[in-house]
Peer 1: 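One structure, pasted below without further comment.
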Protein chains: 4
Amino acid sequence: MPPPSEPVEETERLLTRAGGELKTERRKRGADVARAAIVHAAATAFAQRGYYGTTIDDIARESGYSPAAIYKYFTNKEALFSHLWNVMAEQLQKLFEESTRMPVPFSQRLRWLLSKLGEILQSSPDLLIAFIGQRPYVARSHPTELERQSFRQYKRHLMQLKALMEQGIHERVLGSGPAEDYANLFVGLLYEFAYKWVTAPASADLQHHEDRVLNLFLHGAGPLRGGK
Amino acid sequence: MPPPSEPVEETERLLTRAGGELKTERRKRGADVARAAIVHAAATAFAQRGYYGTTIDDIARESGYSPAAIYKYFTNKEALFSHLWNVMAEQLQKLFEESTRMPVPFSQRLRWLLSKLGEILQSSPDLLIAFIGQRPYVARSHPTELERQSFRQYKRHLMQLKALMEQGIHERVLGSGPAEDYANLFVGLLYEFAYKWVTAPASADLQHHEDRVLNLFLHGAGPLRGGK
Amino acid sequence: MPPPSEPVEETERLLTRAGGELKTERRKRGADVARAAIVHAAATAFAQRGYYGTTIDDIARESGYSPAAIYKYFTNKEALFSHLWNVMAEQLQKLFEESTRMPVPFSQRLRWLLSKLGEILQSSPDLLIAFIGQRPYVARSHPTELERQSFRQYKRHLMQLKALMEQGIHERVLGSGPAEDYANLFVGLLYEFAYKWVTAPASADLQHHEDRVLNLFLHGAGPLRGGK
Amino acid sequence: MPPPSEPVEETERLLTRAGGELKTERRKRGADVARAAIVHAAATAFAQRGYYGTTIDDIARESGYSPAAIYKYFTNKEALFSHLWNVMAEQLQKLFEESTRMPVPFSQRLRWLLSKLGEILQSSPDLLIAFIGQRPYVARSHPTELERQSFRQYKRHLMQLKALMEQGIHERVLGSGPAEDYANLFVGLLYEFAYKWVTAPASADLQHHEDRVLNLFLHGAGPLRGGK
DNA sequence: CATGAATGAGGGTTCATTCAT
DNA sequence: GATGAATGAACCCTCATTCAT
């Protein structure tokens, strides 16, 4: 009776607007389609109206299924949100990890990471917003299980980024300052520009956004220094 | 019947943990005391459990008044939250404005601004979190009035900061890059470090935090360059 | 916020059809009246359609209040039922206790006990049925908290009756057989005749019923023997 | 479309833990096996968690079949329960009838009846509890069809027992009191001791239980009298 | 014969809000 | 000025039941 917690990758693939050809495999079909529709509807709804502002009925309506159907695939509202959140969290986690392992100079890895993040922003802005929107709850005094989980994941991400930054420090591409600060700077920029882009997507092309973030990250707001 | 929307400054004064001597002036007393108690209770509750997680009953209980009393002072839950939000928004707005007008070099103004923000973080962390926590809703497709208002205010803050940054650019303390980017960088850092400090306040003294933020803002993560 | 668990006696008094003059004391009124109405409606409903067959809406409708009002007085459906159940359980418990302490011969005490039980049956048949109807759940493998509680109380009643029977044995009014058996016999008869009376109340006057129960209890179905 | 209401005896045979050899007769097999599995699972489930506490999904899971399959054999949940109930009711009915026809002295017939009841208690305690648990609903003001049926059957049992008791009276093994009272006494003892045995089965061997019931039935709780 | 998939019809519960006192 | 009492409107979730395959 516990709804089968399908591998997160599946959902991820189905959600991605880019590679969503939905191969017509001879799978159980029905169930998969329904699950994907629900997950998709949920991502949109949660992103637009937040966790509390979204009702199960909303998701049901938007997905084309009945509220009861949703409970066949997820134990409850929180589990559904949690699933979505994990999809994004794992995607990011993987990205961060990968970026620390690429056998190329640090600055290339940074670029690569940023461009990958840009792709996510483009392919699943809904999910990304739903994800980031969860962060504020991190500071709660009486966190729900969901909030506790978010907090843990948030710190895990920071750790990963810190590791990356340490490599940058080692390669002398970054300064000597505490790697953690750099990680925070990175995250701060990411969130800020993600919002900027989402609230006004037409403002410019994504590539340009990435360049600006990279530049701000490396040199801050101060004047170009040195010989120049 | 719409409860008189008392000047925000009053609340602000009452909330600040520092200078809250509550002089026994010749005033209607009762009403003021009640209002202050309610506002204070609301700030704590909203910060700890969020807008949706906080019930009017919660606030009533914590304030020592009845739910009905709250409606004597605020038209509804949203108005109460909105008021709190505005208190913080105006406080920040004033700070930003002031910082563009100080007749001292840019870097001093920046320092001053940061230290002022630090004071706020220390005196009303609850409020500040409640304030920042509101930001994610900014991107909603179907925003409530509160969200629309938040969005406007958020942009106003950015404008103000952009003006400040333009001064910095003019004084050659900052680079030539678009002032808006610098404003975003500043905000990103602010939020990130505010969270950091709130979720682990003991981590270090605030002064130190400010230094790091300033440093990251001015120089980014890149290495200190050349001749210096 | 936890609804005030008013002393059970109060409810008991209000429910009793006999002495229910509802003195117009200058009490908080409202709340008391409402609570009594809800409790009364609940007793009727539960007795007629059982715990599961009764909805909060039923009780609300019959009590003349809204469903939400019920939750002001009882934390939830189970708590409401549990309260009713306790009212009866304590009433019985007190009766049983008292009957073991009366300074009169055993057979008089027994008579007195039966007549008291008869009074209850007449004044609150609803409650009594709701109470007895709970017993079957006693044997559940996976009991709810309510069921566990019922079971404990049931055994407590048996213990009390056993104590009474031991006195009867000691006074030679009863045989030597295990007191526990006598307690079970007594309970069995009680339940059986309570049902009989409730399902066909007009069948005879209560006094007559009591006599028969007493007779069956003392002599069973066998023939009157010997010399007598 | 109404599923063929197979003769109750079949189920009875399949349920009885004792003689369940399930001969591989030339029969539709499949269907029979499925039906038996469902009925068996239902008996267990209903007995453990009651009618309302048991879901069709529960029964399906425990039977190894799907919920839909259940509807192939029974029109609905109530019909399934009703069937189980009838199995027990008819078994008892037959027992009672038979006991009035045995060409042996009354006391032997009584003994025989009790031992037969003991066998049932041992072989299908689940069913017996599910059966007895139904009784309280007998008194409902707005009975469901199931409850009406239970009530009728209950009275039929009493009638049967009353007939038996009349024989006892005639044979002078019982007193002269109304036969109906004796029937009620018998039922009361039966239920009470059935519960006792089920809630604490290890307490003693069944034979002993039967003796006690018989003794209580014949002589009540009073002292052994007269010259005897 | 069997089931996977889906749903309609509630049921319990919460909560912002009102209003007579 | 303050509140006790009450409620309408949802919301989350469950479950018996159906039906195409």
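Each chain gets a letter, A, B and so on, in the order the sequences are listed, and its residues count up from 1. Note that this is a predicted model, so its numbers are computed, not measured.
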Peer 1: For a quick test of reading the model, state the closest non-hydrogen atom pair linking C/Pro67 to C/Ile56 and the distance between them.
Peer 2: CB-CG2, 4.0 Å
Peer 1: Does B/Ile59 reach the side chain of B/Leu80, with side-chain heavy atoms less than 4.5 Å apart?
Peer 2: yes
Peer 1: What is the distance, rounded to the nearest whole Å, between atom CD1 of B/Ile59 and atom C1' of E/dC15?
Peer 2: 12 Å
Peer 1: Looking at B/Lys77 and B/Phe46, what are the two nearest heavy atoms and their distance?
Peer 2: CE-CE2, 4.1 Å
Peer 1: Which is more 5' along DNA chain E, the nucleotide nearest D/Ala69 or the one nearest A/Ile70? Just name the residue.
Peer 2: D/Ala69
Peer 1: Take the protein atom CZ of C/Phe74 and the nucleotide atom P of E/dG12, then report the distance between them rounded to whole Å.
Peer 2: 16 Å
Peer 1: Taking side chain to side chain donor-acceptor pair (under 3.5 Å) as the definition, give me every residue that meets it alongside D/Ser82, ordered by chain and number, with sequence neighbours left out.
Peer 2: D/Gln149
Peer 1: Just by protein heavy atoms under 4.0 Å, how would nucleotides 15-21 of chain F read 5' to 3' in B, S and -?
Peer 2: BSBBB--
Peer 1: Considering residues at least two apart in sequence or located in another chain, which fulfil the side chain to side chain donor-acceptor pair (under 3.5 Å) criterion with B/Glu78?
Peer 2: none
Peer 1: Write down the distance between OH (D/Tyr65) and P (E/dG4), rounded to a whole number of angstrom.
Peer 2: 13 Å
Peer 1: Please report the distance, rounded to the nearest Å, between CG in A/Leu80 and P in F/dC13.
Peer 2: 10 Å
Peer 1: Considering residues at least two apart in sequence or located in another chain, which fulfil the side chain to side chain donor-acceptor pair (under 3.5 Å) criterion with C/Thr54?
Peer 2: none
Peer 1: Closest nucleotide of DNA chain E for D/Ser66 versus for A/Gly64: which of these residues is on the 5' side?
Peer 2: D/Ser66
Peer 1: Would you mind reading off the distance between C/Asp32 atom CG and F/dG4 atom P, rounded to a whole angstrom?
Peer 2: 14 Å
Peer 1: Which atom names give the shortest non-hydrogen contact between C/Ala60 and C/Ser66, and what distance separates them?
Peer 2: CB-C, 3.8 Å
Peer 1: Sequence neighbours left out, what passes side chain to side chain donor-acceptor pair (under 3.5 Å) with C/Thr55? Give chain and number order.
Peer 2: C/Asp58
Peer 1: How does DNA chain E look in dot-bracket notation if pairs are Watson-Crick or G-U with both distances under 3.5 Å, crossing ones as [ ], other-strand ones as |?
Peer 2: .||||||||||||||||||||
Peer 1: Sequence neighbours left out, what passes ring-ring contact (aromatic ring centres under 6.0 Å, His included) with A/Tyr65? Give chain and number order.
Peer 2: none
Peer 1: Check this one for me: any side-chain N or O of C/Tyr73 less than 4.0 Å away from OP1 or OP2 of F/dA6?
Peer 2: yes
